Asks: 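Structure incoming, see below.
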Amino acid sequence: MINAVERKIEQYIIELDDKLVTTLYRRLPHGKRLRTKLILKIAGNNLKVIKTASTIEMIHLASLLHDDVIDDAFTRRGKASLNASDGDKTAIMMGDILYSKAFFELISISPEVAKVVSNSVVQLSLGELADVELSKRFHTNRDAYLKMLYQKTASLMEASAEAGAILVGKNRKAYRDYGRNLGLAFQMIDDILDITADSKTLGKPALHDFFEGKVTLPYMYLYEKLDSEQQLKLISLHKKRLTPKDEKWIKEKMAEHKIIEKSYNQAKDLVIEAISSMEALGEKDLSNIAKAMIEREF
Ligand code: FPP
Ligand code: MG
């Protein structure tokens with residue numbers, strides 16, 4: 001069924017009747033289509049469901065195109081990002097085109113779904129702005145970080161699950177909560193993998209978040225465990241190109257203070273909540289999606 005979503009997106013792109021846009025779209029890597037998987041598992045398979053998943057994937061893709069410009073990121077999913085290969089202007093406009101076409105289609109699917117999804121894009125944008133602000137200097141504001149994480153990543157997953165529930169008349173709140181927990185855990189694990197996985201597996205340089213200015217939870221937890229001299233050292237490495245020696249120091253300190261385990265357990269608690277809520281509803285496939293999340297390697 002994922003193929004039906006791929007075909008629908010392709011059809012939406014072709015309808016734009018612009019050769020360059022079609023060429024650029026076809027060059028972009030597809031990603032895991034996690035939001036589509038959620039929607040299809042919740043709502044099954046009919047045209048409205050396929051259209052909803054397609055528009056959400058287009059919005060997600062648009063947000064990543066803009067995010068790579070904002071983050072000055074040169075790789076995405078193991079390939080050159082669009083801003084790297086074709087420049088910021090092309091990446092921004094391609095994002096705007098995908099985003100506006102998605103909204104044009106979304107409003108004729110269901111006003112209720114359009115409301116939920118558009119609200120999540122407001123959150124997404126507020127989250128990205130908060131991320132930019134929080135990345136300007138070293139901080140240990142966990143509440144602000146978690147709020148930003150919810151807005152930037154969890155809100156669109158929450159909206160995907162809720163949209164699926166709306167389309168088939170299921171309990172909106174239960175699925176919405178599931179999507180939010182999954183989204184938060186997803187981003188927390190993403191933050192951990194930035195530290196633990198190698199750059200080949202990640203498709204981007206490792207330990208890149210800290211270089212981009214992002215003080216993710218593991219760095220905050222680490223800071224709390226360091227003595228004052230080491231804290232100053234950690235702050236001095238923020239936003240710097242790390243030497244292999246600095247990288248080694250960060251990883252060793254994380255290991256010494258069991259930081260990865262602590263961060264991972266926090267994500268795991270959210271996943272466990274997601275699993276038990278879906279098992280209570282007899283949604284085996286959805287609980288399996290949550291289980292797979294804590295086992296993911298990239
Ligand atoms: C990736 O975060 C970024 C997001 C999930 C959201 C980005 C949102 C916007 C740019 C605003 C919305 C814009 C539109 C057009 C809908 P990250 O940088 O932490 O993750 P990464 O490692 O995958 O880059
Ligand atoms: Mg980014």
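None of these values were measured; they are calculated from a predicted model. Each residue takes its place number in the sequence, starting with 1. Order of appearance sets the numbers: ligands from 1, and atoms from 1 within every ligand. Side-chain atoms are counted along with the backbone in the values below, which use heavy atoms only and exclude waters and symmetry mates.
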Asks: Examine the side chains of S155 and Q123 and answer whether a donor and an acceptor come within less than 3.5 Å of each other.
Replies: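 The criterion, which ignores hydrogens and geometry beyond distance, is not satisfied for Q123 and S155.
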Asks: What I want to know is whether D71 and ligand 1 share at least one N or O pair that is separated by under 3.5 angstrom.
Replies: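 Yes: some nitrogen or oxygen of D71 is under 3.5 Å from one in ligand 1.
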Asks: Any idea which protein heavy atom is nearest atom 15 (C) of ligand 1, and the distance to it?
Replies: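 Atom 15 (C) of ligand 1 sits closest to the protein heavy atom H66 ND1, 3.4 Å.
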Asks: Sort by chain and number the protein N/O/S atoms found under 2.8 Å from the Mg ion (ligand 2).
Replies: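 The answer, once waters are left aside, is D67 OD2, D71 OD2.
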Asks: For atom 13 (C) of ligand 1, state which one of S81, S63, A154, S155 supplies the nearest heavy atom.
Replies: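 Heavy atom nearest to atom 13 (C) of ligand 1 belongs to S63.
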Asks: Could you tell me which atoms of ligand 1, counted from 1 in the order shown, lie closer than 4.0 angstrom to a heavy atom of Q187?
Replies: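 So the answer, numbered in order with elements, is 19 (O).
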Asks: When you measure from atom 21 (P) of ligand 1 to every protein heavy atom, which one gives the shortest distance, and what is it?
Replies: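 The protein heavy atom lying closest is R76 NH2, 3.7 Å.
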Asks: Minimum distance, heavy atoms only, to atom 6 (C) of ligand 1: which one of K214, R77, K152, M157 is it?
Replies: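 Among K214, R77, K152, M157, the closest heavy atom to atom 6 (C) of ligand 1 belongs to K152.
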Asks: Look at R27 together with D86 and state whether they make a salt bridge at an N to O cut-off of under 4.0 Å.
Replies: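 Looking at D86 together with R27, the answer is yes, because their closest N to O distance falls below 4.0 Å.
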Asks: Taking the ring of F138 and the ring of Y223, is the distance between their centroids below 6.0 Å?
Replies: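 Yes, the ring centres sit under 6.0 Å apart.
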Asks: Clusters formed by hydrophobic residues whose side-chain heavy atoms approach within less than 4.5 Å: which one holds L126, and what are its other members?
Replies: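 Answer for L126: V122.
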Asks: Would you mind telling me if ligand 1 is within reach of the side chain of D96, the backbone, both or neither, using heavy atoms under 4.0 Å?
Replies: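 Neither part.
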Asks: May I ask you to identify the nearest protein heavy atom to atom 20 (O) of ligand 1, giving residue, atom name and distance to one decimal place in Å?
Replies: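 Among all protein heavy atoms, the one nearest atom 20 (O) of ligand 1 is D67 OD2, 4.1 Å.
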Asks: If you measure only the distance, is there a donor-acceptor pair under 3.5 Å linking the side chains of K8 and Q11?
Replies: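 Yes, a side-chain donor-acceptor pair sits under 3.5 Å.
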Asks: Side chains of D191 and Y145 only: does a donor on one sit below 3.5 Å from an acceptor on the other?
Replies: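 Their side chains do contain a donor-acceptor pair, which is all the 3.5 Å distance test asks for.
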Asks: Anything under 3.5 Å between a donor and an acceptor, one on a side chain of residues 165-175, the other on a protein residue two or more places apart or in another chain? List them.
Replies:
| from | atom 1 | to | atom 2 | distance (Å) |
| --- | --- | --- | --- | --- |
| K170 | NZ | I42 | O | 2.9 |
| K170 | NZ | E283 | OE2 | 2.8 |
| N171 | OD1 | K173 | N | 3.0 |
| N171 | OD1 | A174 | N | 3.1 |
| R172 | NE | E162 | OE2 | 3.0 |
| R172 | NH1 | E112 | OE2 | 3.4 |
| R172 | NH2 | E162 | OE2 | 2.9 |
| K173 | NZ | D177 | OD2 | 2.5 |
| Y175 | OH | E283 | OE2 | 2.4 |

Asks: Among side-chain atoms of Y221 and Q266, is any donor-acceptor pair under 3.5 angstrom?
Replies: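 Yes, a side-chain donor-acceptor pair sits under 3.5 Å.
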Asks: What's the shortest distance from atom 7 (C) of ligand 1 to any protein heavy atom, and which residue and atom give it?
Replies: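 Ranked first by proximity to atom 7 (C) of ligand 1 is E128 OE1, 3.2 Å.
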Asks: Is E279 salt-bridged to K291, cutoff N-O under 4.0 Å?
Replies: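 Salt bridge flag = yes for K291 with E279.
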Asks: Is any NZ, NE, NH1 or NH2 atom of the basic residue among R76 and D67 found under 4.0 Å from an Asp or Glu carboxylate oxygen of the other?
Replies: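 Yes.
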Asks: Can you list the atoms of ligand 1 that are under 4.0 Å from a heavy atom of S125?
Replies: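 With S125 as reference, the close atoms of ligand 1 come out as 11 (C), 12 (C).
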Asks: Quick test: of every protein heavy atom, which one is nearest to atom 22 (O) of ligand 1, and how far off is it to 0.1 Å?
Replies: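 The protein heavy atom lying closest is K204 NZ, 2.7 Å.
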Asks: According to the salt bridge (Lys or Arg N to Asp or Glu O under 4.0 Å) rule, which pairs have a member within residues 38-65, sequence neighbours left out?
Replies: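 Of all non-adjacent pairs touching residues 38-65, those that pass salt bridge (Lys or Arg N to Asp or Glu O under 4.0 Å) are R33-E57, K41-D285.
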